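Atoms within each ligand, like the ligands themselves, are counted from 1 in listed order. Nothing here was measured: the structure is a model prediction, and the numbers come from that model.
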Amino acid sequence: MSEKRRHSGSENFYAGKIICSETPFAVSEAFKTLRANLMFSSAGEDCPVFGTTSAYSNTGKSIITANAAVSFSQLEKKVLLIDGDMRKPVQHRIFGCDNRRGLSELLSCEKSQNIGDVFANSVVSDVVPGLDLIPCGKTPPNPSELLSSENMSHLIEYAKGIYNIIFIDFPPICNVVDAGVAANLVTGYIIAIRSGETDRRAVKAAVEQMKQMNAKIVGFVLNDVNLKTNGNYEGRYAKYYRSYGSRA
Ligand SMILES: Nc1ncnc2c1ncn2[C@@H]1O[C@H](COP(=O)(O)OP(=O)(O)OP(=O)(O)O)[C@@H](O)[C@H]1O
Ligand SMILES: [Mg+2]
């Protein structure tokens, strides 16, 4: 385990929300369903790239992206997760690792630098077995320019030679364009919706925005579904997990 794994934040709202052997059945099943749907939607592709976004913030897309990535690593796939939300990065907090170097350093590297070397210095290996993370790194002033840069294409091309599947956590599309600017590199986007909070018009606006950017949407995840009212109440875990219901 790399020395970058040390977590320096104070309170971590993501603690205990990564799927593991103790995760309630309904929750792990929801992520298995999401995984199966993503596999189906990318059948035949060597290394699909999935982006996650939402209409507005706080829908759970970062934790959903993290768990989707973990669920693929459980299939013994080599998985890369990129924190593409360079405005509000949290993947380093979710996995409790250092954020001193990451995507922003990779995307602002000079042409003369060897991508393999910069990559090796920016990636955190095995945040869980089989899953590598590129955290955000230093917050840059120009995230959309960086995400649409040639360096981003080089990064994805390079990573496709190493991994079986890549996930990118993006910011909300109705707030900033970042999620759509790399649409040509993304196989498909997952739109996160928070039950009881995201309204229909917001989802429509997000879909419209993505369409205008030629971004392919592969599905929607409905997060924060109350399993108690849906007949799947799981005792003491319900409070933490009632919500990770997903439908892709
Ligand atoms: N299903 C859930 N059950 C309990 N807590 C949840 C659930 N989904 C998300 N959360 C919590 O809600 C907060 C927001 O989640 P997250 O950061 O994943 O959302 P986001 O859509 O990525 O937000 P942002 O738009 O700010 O990037 C976090 O504290 C997370 O732990
Ligand atoms: Mg987020």
Would you kindly specify which portion of [X] sits under 4.0 Å from ligand 1, judged on non-hydrogen atoms: side chain, backbone, both or neither?
| X | result |
| --- | --- |
| K61 | both |
| N58 | both |
| I64 | neither |

Q: Kindly identify the option in Q91, K88, R87, R194 whose heavy atom sits closest to atom 7 (C) of ligand 1.
A: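 Residue with the shortest heavy-atom distance to the ligand atom: R194.
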
Using a 4.0 Å cut-off to any heavy atom of [X], which atoms of ligand 1 qualify?
| X | answer |
| --- | --- |
| N223 | 1 (N), 2 (C), 7 (C), 8 (N), 9 (C) |
| D85 | 27 (O) |
| T59 | 19 (O), 20 (P), 21 (O) |

Q: For atom CG of D46, decide whether the heavy atoms of other residues, nucleotides or ligands shown that lie under 6.0 angstrom number more than 12.
A: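 Incorrect, the count does not exceed 12.
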
Would you check whether [X] has a nitrogen or oxygen atom less than 3.5 angstrom from a nitrogen or oxygen atom of ligand 1?
| X | value |
| --- | --- |
| G60 | yes |
| P172 | no |
| K17 | yes |
| V90 | no |
| D169 | no |
| Y56 | no |

Q | Total protein N, O or S atoms, the Mg ion (ligand 2), separation less than 2.8 Å | A |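 The number of such protein atoms is 1.
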
Heavy-atom side-chain contact between [X] and [Y] under 4.5 Å:
| X | Y | value |
| --- | --- | --- |
| V79 | F167 | yes |
| K17 | I94 | no |
| I168 | T65 | no |

**Q.** Derivation and outcome, side chain to side chain contact (heavy atoms under 4.5 Å, CB included), residues I191 and K61
**A.** CA-CA 8 Å; I191 309 269; K61 62 192 164 299; over 6 Å; no

Q: If a pair satisfies side chain to side chain donor-acceptor pair (under 3.5 Å) and one of its residues is in residues 164-193, list it, with sequence neighbours excluded.
A: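 Counting only pairs at least two positions apart or across chains, the side chain to side chain donor-acceptor pair (under 3.5 Å) contacts touching residues 164-193 are E45-T187, S62-D169, R87-D178, Q91-D169.
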
(Q) Among K160, E157, M152, which residue satisfies the side chain to side chain contact (heavy atoms under 4.5 Å, CB included) criterion with L185? (A)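 Only one option passes, and that is M152.
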
Q. Has the side chain of R101 got a donor or acceptor atom that lies under 3.5 Å from a matching backbone atom of N121?
A.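 Yes.
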
**Q.** N/O donor-acceptor pair under 3.5 Å between Q212 side chain and Q209 backbone
**A.**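 No; zero donor-acceptor contacts below 3.5 Å.
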
Q: Apply side chain to side chain contact (heavy atoms under 4.5 Å, CB included) to F50 and I190, showing your working.
A: CA-CA 7 Å; F50 291 109; I190 303 156; 4.3 Å; yes

Q. Taking the six-membered ring for Trp, are Y14 and F95 ring centroids under 6.0 Å apart?
A.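 Ring centres of F95 and Y14 not closer than 6.0 Å.
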
**Q.** Interatomic distance, L147 atom CG to E145 atom CD [nearest 0.5 angstrom]
**A.**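 CD of E145 is found 9.5 Å from CG of L147.
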
